Amino acid sequence: MPATLLDTAAPVADEVQRLKARIRQMQAPKLDSRTLPTHPAFADLLPGGALLEGGAYSVAPSSALVMALLSGPSAAGSWCGVVGMPEFGVEAAQQFGVDLDRLVLVPEPGEQWLSVTAAIADVLTVVVTRPASRASDSAVARLAARLRQRGATLLVLGAWPQADAMISLSDSSWSGVGDGHGYLDRHEVTVTVSSRQSPVPRSARMLLPGPEQQVRALGPVRAPRVRAVG
């Protein structure tokens, strides 16, 4: 079944009510938990070893990173939403392990991005959003309170003032092309997570993706040893 596509030309409230009814039919009873099932590649980097319910994360603007972060919750049965990413490819997401039956896409929310994000956070477990404009401090605070109340997790592409952690990418390299033939099939990056809970950022090399779209941690990145002079 394809992902659900919400048209923001229709009233958001009506769309959300229809979505609530569909989710009630499909969603299994939710266990009492403060964390979400998370892809093992991220477990050693994230504070608490997982994404937190009610938490907000600032994420590097990478479709592959977003899909990898969604894969764990989605495979475990959580509903996920993606707001403001028209380039988000459902076929690639499915290869990463995202369940399209429980995926809601709002590709072009325009200036309504914040109200759309808040509305679907009422009914979905994980929401990815790309802000189309700067949100006021009061709007950010209201959304944070809503996330905590609903137990929803927010992944924001770019900076976010109340982020529990920042997930960034660096040192990207592709491989797989031969001498005049072949294709790129291995993307190696350094993923770094910085948080208020840990004074020292945690980094790891990761395949994002490797062959057959799998995500895999290759090992931690350690800070270079400083040699004393004198």
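Keep in mind the model is a prediction, meaning the values are calculated, not measured. The basis for the numbers below is simple: all heavy atoms, side chains too, and nothing from hydrogens, waters or symmetry mates.
- Using a 4.0 Å cut-off between a side-chain N of Lys or Arg and a carboxylate O of Asp or Glu, Asp122 and Arg146 qualify as a salt bridge.
- Following chains of ILVMFWY side-chain contacts shorter than 4.5 Å, one can reach Met67 starting from Leu100, so the two form part of one hydrophobic cluster.
- To the nearest 0.5 Å, atoms CG (Leu155) and OG (Ser58) are separated by 10.0 Å.
- Cluster annotation: Phe96 and Met85 are assigned to the same hydrophobic cluster (Ile/Leu/Val/Met/Phe/Trp/Tyr, side-chain heavy-atom contacts under 4.5 Å, transitive).
- The closest side-chain heavy-atom distance from Pro109 to Val83 is below 4.5 Å.
- Using a 4.5 Å heavy-atom cutoff, the side chains of Met206 and Leu45 are in contact.
- The CG atom of Leu103 sits 7.5 Å away from the CG atom of Leu70 when rounded to the nearest 0.5 Å.
- Side-chain atoms of Trp160 and Val140, non-hydrogen and from C-beta on, do get closer than 4.5 Å to each other.
- Under a hydrophobic-cluster definition in which Ile, Leu, Val, Met, Phe, Trp and Tyr are linked whenever side-chain heavy atoms come within less than 4.5 Å, directly or via other members, Val90 and Leu157 are assigned to the same cluster.
- Between the CG atom of Leu169 and the OG1 atom of Thr190 there is a distance of 9.0 Å, given to the nearest 0.5 Å.
- Salt bridge annotation for Glu87-Arg130: present, with a cationic side-chain nitrogen under 4.0 angstrom from a carboxylate oxygen.
- Each of Val59, Leu36, Val128 was compared with Leu69 under the side-chain contact (heavy atoms from CB on, under 4.5 Å) criterion, and only Val59 meets it.
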